[in-house]
Amino acid sequence: MEAGEDFVSRVLAVVESIPPGAVMTYGDVAAAIGSRAARGVGQVMAYYGSEVQWWRVVRASGHPASGHEDRALERYRAEGTPLVAGSSVRVNLRLARHRP
DNA sequence: ACGGTGACTAACC
DNA sequence: CGGTTAGCCACCG
């Protein structure tokens, strides 16, 4: 890990490394950069999310970012991300979870 | 340094 | 499955 890179840069780098059809939870992204700040990742995504593939970062429950479920669903259908059948949009983490 | 906030999580009821 | 509680940590004023 490069010292000197700030939290924001690391988070964005990890998110951009997630391949199509796969996802990572906020906690996973934090862990990938040697941190446990899931909420910190959320803060970064809320501000810089529009610059990256924000729909590939979901909650530990599989639900996409709050307030963006509708747009996330379009992306999942386009990428073929495995979802869980049900009334609400939920990614099947068992199949789609990306582990570097 | 300090306190409020949140695109979080796990544990419990 | 839904709601509550507590713990967590980076961001911002």
Side-chain angles (χ1 to χ4, degrees):
Chain A
M1 305 285 260
E2 323 297 318
E5 297 231 325
D6 54 13
F7 188 81
V8 174
S9 300
R10 295 186 185 215
V11 168
L12 296 178
V14 171
V15 174
E16 292 188 60
S17 76
I18 306 173
V23 300
M24 281 180 84
T25 69
Y26 291 89
D28 285 346
V29 174
I33 62 178
S35 173
R36 290 156 70 268
R39 304 190 73 150
V41 173
Q43 286 285 23
V44 172
M45 292 304 289
Y47 195 85
Y48 303 93
S50 50
E51 299 178 29
V52 296
Q53 308 106 300
W54 54 266
W55 58 91
R56 293 183 192 158
V57 182
V58 301
R59 304 186 199 171
S61 59
H63 287 105
S66 176
H68 295 270
E69 304 186 349
D70 50 333
R71 290 203 182 70
L73 175 59
E74 297 177 45
R75 295 295 183 171
Y76 298 147
R77 288 193 302 187
E79 293 186 1
T81 306
L83 304 177
V84 176
S87 46
S88 61
V89 189
R90 187 150 77 72
V91 174
N92 185 332
L93 290 176
R94 192 172 48 143
L95 301 176
R97 198 174 203 186
H98 174 59
R99 351 168 184 288

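Throughout, a chain's letter reflects where its sequence line sits, starting with A, and its residues are numbered from 1.
Residues A:R59 and A:P64 approach most closely at NE-O, 3.9 Å, considering heavy atoms. Of all heavy-atom pairs between A:P100 and A:M24, the closest is CD-CE, 4.1 Å.
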Side-chain polar contacts of residues 35-55 of chain A - donor-acceptor pairs under 3.5 angstrom, sequence neighbours left out - could you list them?
unit_1, atom_1, unit_2, atom_2, d
A:S35, OG, A:A37, N, 3.1
A:W55, NE1, A:E79, OE2, 2.9

Enumerate, atom names and distances included, each donor-acceptor pair closer than 3.5 Å involving a side-chain atom of residues 89-96 of chain A, sequence neighbours excluded.
unit_1, atom_1, unit_2, atom_2, d
A:N92, OD1, A:R94, N, 3.1
A:N92, OD1, A:L95, N, 3.4

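Scanning residues 16-26 of chain A for heavy-atom distances under 4.0 Å to DNA chain B yields A:T25, A:Y26. Near DNA chain B, meaning a heavy atom under 4.0 Å from it, residues 92-100 of chain A has no residue at all. DNA chain C lies under 4.0 Å from no heavy atom of any residue of residues 54-90 of chain A.
Put simply, A:V14 and A:F7 are part of the same group of oily side chains (I, L, V, M, F, W, Y) that touch within less than 4.5 Å, one to the next.
The side-chain hydrogen bond (donor to acceptor under 3.5 Å, both in side chains) search around A:S61 returns A:H63, not counting sequence neighbours. Residues satisfying the side chain to side chain contact (heavy atoms under 4.5 Å, CB included) test with A:A60, not counting sequence neighbours, are none. A search for side-chain hydrogen bond (donor to acceptor under 3.5 Å, both in side chains) contacts involving A:T81 returns nothing, not counting sequence neighbours.
Applying the salt bridge (charged side-chain N to carboxylate O under 4.0 Å, His left out) rule to pairs touching residues 12-32 of chain A yields A:D28-A:R97, sequence neighbours excluded.
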Just the table, please: protein N/O against nucleotides 11-13 of chain C N/O, every pair under 3.5 Å.
none

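Every stem involving DNA chain C, taken as at least 3 paired positions in a row under the Watson-Crick or G-U wobble test at 3.5 Å, is listed here: B:2-6 with C:9-13, B:8-13 with C:2-7.
Contact annotation: A:S35 side-chain N/O to C:dC9 OP1/OP2 distance is not under 4.0 Å.
Here the C1' atom of nucleotide C:dC8 and the CZ atom of A:R36 are 7 Å apart, to the nearest Å.
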Would you sort out whether A:V57 and A:T25 count as a side-chain contact (heavy atoms from CB on, under 4.5 Å), showing the intermediate values?
CA-CA 5 Å; A:V57 182; A:T25 69; over 6 Å; no
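Remark: A:R10 CZ to A:L12 CG distance equals 12.5 Å, nearest 0.5 Å.
The span of DNA chain B lying next to chain A, judged by atoms under 4.0 Å from heavy atoms, is bounded 5' to 3' by B:dT5 to B:dA10.
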